[in-house]
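Note that these values count all heavy atoms, side chains included, but never hydrogens, waters or copies made by symmetry. Just so we're on the same page: letters track the sequence lines, and every chain starts at 1.
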Protein chains: 2
Amino acid sequence: MNKSFDVLSTLKKSSLFQNAPQNILTELAELATVLKFDKNQEIFGEGEKALGFFLVLDGMVKIYKLSPKGKEQIIHILGPGDVFAEIVLGGAETYPVYAQTLSKVKLAFFEKQKFLNLVQRKPEIALNLLALFAGKLKTLVKQIENLTLKGAGERLLSYLWDLSKEGKQSIFTLNISKSQIALLLGITPETLSRLIQKFKDEEILEIKGKKVKLINPEKIKNFISS
Amino acid sequence: MNKSFDVLSTLKKSSLFQNAPQNILTELAELATVLKFDKNQEIFGEGEKALGFFLVLDGMVKIYKLSPKGKEQIIHILGPGDVFAEIVLGGAETYPVYAQTLSKVKLAFFEKQKFLNLVQRKPEIALNLLALFAGKLKTLVKQIENLTLKGAGERLLSYLWDLSKEGKQSIFTLNISKSQIALLLGITPETLSRLIQKFKDEEILEIKGKKVKLINPEKIKNFISS
DNA sequence: TTAAAAATTTGATTTAAATCAAGGAAAAAT
DNA sequence: ATTTTTCCTTGATTTAAATCAAATTTTTAA
């Protein structure tokens, strides 16, 4: 069947299940429901009843918080192979954040109880889950570090540095719009625009549309860790 | 033996183990090493080899990040019953943060592999672990929300509101110094001082030393959720 | 108890980034 | 292909909070 194949191939690539044996992967694929979304659709809202968690099969998703005044802070940007809303497995009754698509998206949905039953029968998955949670914890702590201990410029360079795989890939393409990057970095689009201009003037990097070129990776490396 | 008794009573109170059966609690207590620290001692530093995790038996501990310039952001403040560095159970090789005591402290240390062996033998603990991780994730997301979507004043009131148990306890005592609160809220001591003065003038609260009195809980509630 | 050190408060000034405003470029829809 | 809408850029101004500086209070230690 086409569905199982689709899900299976992404399951294997996902960090959560990549080392799982074939029989478990097949069970997981059977267990999953495939969901399709258009661009800019809400997947779930904060406070909504949490029924299960998701694996991104295709497209980009953002996880974010809204202030009462409508200001948005992106917590995570997710792509193929990434898992989100896994917090339900820790007993959360409602989603504590918003989730929205940034493109056409295909998701695998895992109903909480069904998945936990599988974990009970195959406890070795629990270790994968712990690793997944630990990874998210580390990401969030890094996010706090970036937002509180770094200035806007440093945050931007740090973000681009990560996208370039620590400078190994000095030319690459942004996978989300600049306004979304601003929301992730906790700055306004205006500030982002000005920073890009400044770094261009300083001949540190070049950005044309979504194409990025790091001209002086050494300078960037120094700047983000000093 | 005195040691086992000490550890056991706190284990029962901790959210991680509170619902565990007696036999597991006893095993856990046997497995733990009790460590004692003076005030302002480093427990571990960022990048240090992660050998296990900790349960606070007595005293206060802070988990924090440092910028290259020495600026500090507190991630968590922990007291009796709280667990920290649990990230090692997800496979982390090094601690990603600093941990330091804020008072005389007694800790139970659980060596990673010993603990994981116990989890293997008693997989029901894994669910507790997932809940622990999920709780931390939620706390960190809330921290990001506070730091990015709220102003300094709102963050302070939000913090005090939580200490007052959502206003149920309008008189209470701060368990850490004001300068540490400032580091947690991501502001300077000067700003904290001025905010307290302002809220006094507005007759919203009174703070004398470590004694806090919320004069107008309704106003606070409104302020932090509007 | 008193001296020394540390933490807190208050004042003056600076600064990083937000906001407000408008024009230009790119993307999407017709 | 052209219009419409959304996104991005640039400029002028404001603002929240940081920094710098110094006095005062609290805590710790001799």
Side-chain angles (χ1 to χ4, degrees), chain A residues 38-41 60 62 67 69-74 100-104 146-159 173-201 205-212 223, chain B residues 38-41 60 62 67 69-74 100-104 146-159 173-201 205-212 223:
Chain A
D38 283 336
K39 189 176 173 178
N40 295 330
Q41 262 196 291
M60 302 297 293
K62 69 172 170 182
S67 81
K69 287 149 206 150
K71 197 182 160 196
E72 175 180 332
Q73 174 65 49
I74 295 180
Q100 195 178 50
T101 61
L102 292 174
S103 65
K104 272 191 128 184
N146 284 338
L147 290 167
T148 59
L149 299 178
K150 292 178 179 171
E154 210 173 339
R155 290 208 292 282
L156 171 58
L157 290 183
S158 200
Y159 174 73
T173 304
L174 300 175
N175 51 11
I176 53 174
S177 72
K178 284 174 190 161
S179 51
Q180 297 300 313
I181 292 175
L183 290 174
L184 179 64
L185 299 179
I187 59 180
T188 58
E190 292 97 321
T191 297
L192 177 59
S193 201
R194 279 185 258 266
L195 285 171
I196 289 173
Q197 192 51 54
K198 185 175 143 257
F199 291 137
K200 262 182 195 162
D201 293 348
L205 49 77
E206 259 172 34
I207 301 188
K208 267 242 182 307
K210 287 198 154 53
K211 302 273 175 219
V212 182
F223 191 75
Chain B
D38 284 335
K39 189 176 174 177
N40 295 330
Q41 263 196 291
M60 303 297 292
K62 69 173 169 180
S67 81
K69 287 148 205 151
K71 196 183 160 196
E72 174 180 332
Q73 174 65 49
I74 295 180
Q100 196 179 53
T101 60
L102 292 174
S103 65
K104 272 190 128 181
N146 284 338
L147 290 166
T148 59
L149 298 179
K150 291 178 181 172
E154 211 173 340
R155 290 209 292 283
L156 171 57
L157 290 184
S158 199
Y159 174 73
T173 303
L174 300 175
N175 51 12
I176 54 174
S177 73
K178 285 174 188 161
S179 51
Q180 296 301 313
I181 291 175
L183 290 174
L184 179 64
L185 299 179
I187 59 180
T188 58
E190 293 96 320
T191 297
L192 177 59
S193 202
R194 278 185 259 268
L195 285 172
I196 290 174
Q197 193 51 53
K198 185 175 143 260
F199 291 138
K200 262 182 195 163
D201 293 347
L205 50 75
E206 259 172 31
I207 301 187
K208 266 242 183 307
K210 286 199 156 53
K211 301 275 175 217
V212 181
F223 192 75

To check you understand the geometry: which heavy-atom pair defines the closest contact between [X] and [Y], and what is its length?
{"X": "A/Leu156", "Y": "A/Leu185", "result": "CA-CD1, 3.7 Å"}
{"X": "B/Leu149", "Y": "A/Lys71", "result": "CD2-O, 3.7 Å"}
{"X": "A/Ile187", "Y": "A/Ala152", "result": "CG2-CB, 3.7 Å"}

Note to self: In whole Å, I'd like the distance from the NZ atom of B/Lys39 to the P atom of C/dA6.
What the structure shows: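 Checked: the NZ to P distance equals 11 Å.
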
Notebook entry, point to check: Tell me: CG of B/Leu195 to C1' of C/dT8, nearest whole Å?
Noted result: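 So the CG-C1' distance, B/Leu195 to C/dT8, works out to 14 Å.
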
Note to self: Has B/Thr173 got a side-chain atom pairing as donor or acceptor with B/Lys210's backbone, closer than 3.5 angstrom?
What the structure shows: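 Such a contact is absent between B/Thr173 side chain and B/Lys210 backbone.
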
Note to self: Quick one: does any side-chain atom of B/Lys62 pair with a main-chain N or O of B/Leu184 as donor and acceptor, under 3.5 Å?
What the structure shows: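 Judged by distance alone, no pair lies under 3.5 Å.
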
Note to self: Classify A/Gly153 by what it touches in the nucleic acid, base, sugar-phosphate, or nothing, heavy-atom distance under 4.0 Å.
What the structure shows: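 It contacts nothing in the nucleic acid.
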
Item checked: Sugar-phosphate, base or nothing in reach of A/Gly209, heavy atoms under 4.0 Å ->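 Nothing, no nucleic acid heavy atom in range.
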
Check: What does the inter-axis angle of the helix from C/dT1-D/dA30 to C/dA22-D/dT9 come out as, five pairs per end, nearest 10 degrees?
Finding: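 Here the helix ends are tilted 50° relative to one another.
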
Note to self: Any heavy-atom pair between the side chains of B/Asp38 and B/Thr101 that's under 4.5 Å?
What the structure shows: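 SC-SC contact between B/Thr101 and B/Asp38 ruled out.
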
Next item on the list: Indicate yes or no: at least one non-hydrogen side-chain atom of B/Ile176 is less than 4.5 angstrom from one of B/Leu102.
Entry: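 Of all side-chain heavy-atom pairs linking B/Leu102 with B/Ile176, at least one is under 4.5 Å.
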
Distances under 3.5 Å between protein N/O atoms and the N/O atoms of nucleotides 4-10 of chain D, please, pair by pair.
unit_1, atom_1, unit_2, atom_2, d
D/dC8, OP1, A/Lys178, N, 3.0
D/dC8, OP2, A/Ser179, N, 2.9
D/dC8, OP2, A/Ser179, OG, 3.0
D/dT9, OP1, A/Lys178, NZ, 3.3
D/dT9, OP2, A/Ser193, OG, 3.0
D/dT9, O5', A/Ser193, OG, 2.9
D/dT10, OP2, A/Gln197, OE1, 3.2

Item checked: Atom NZ of A/Lys200 with >12 non-hydrogen neighbours under 6.0 angstrom ->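 It does: A/Lys200 NZ has more than 12 such atoms within range.
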
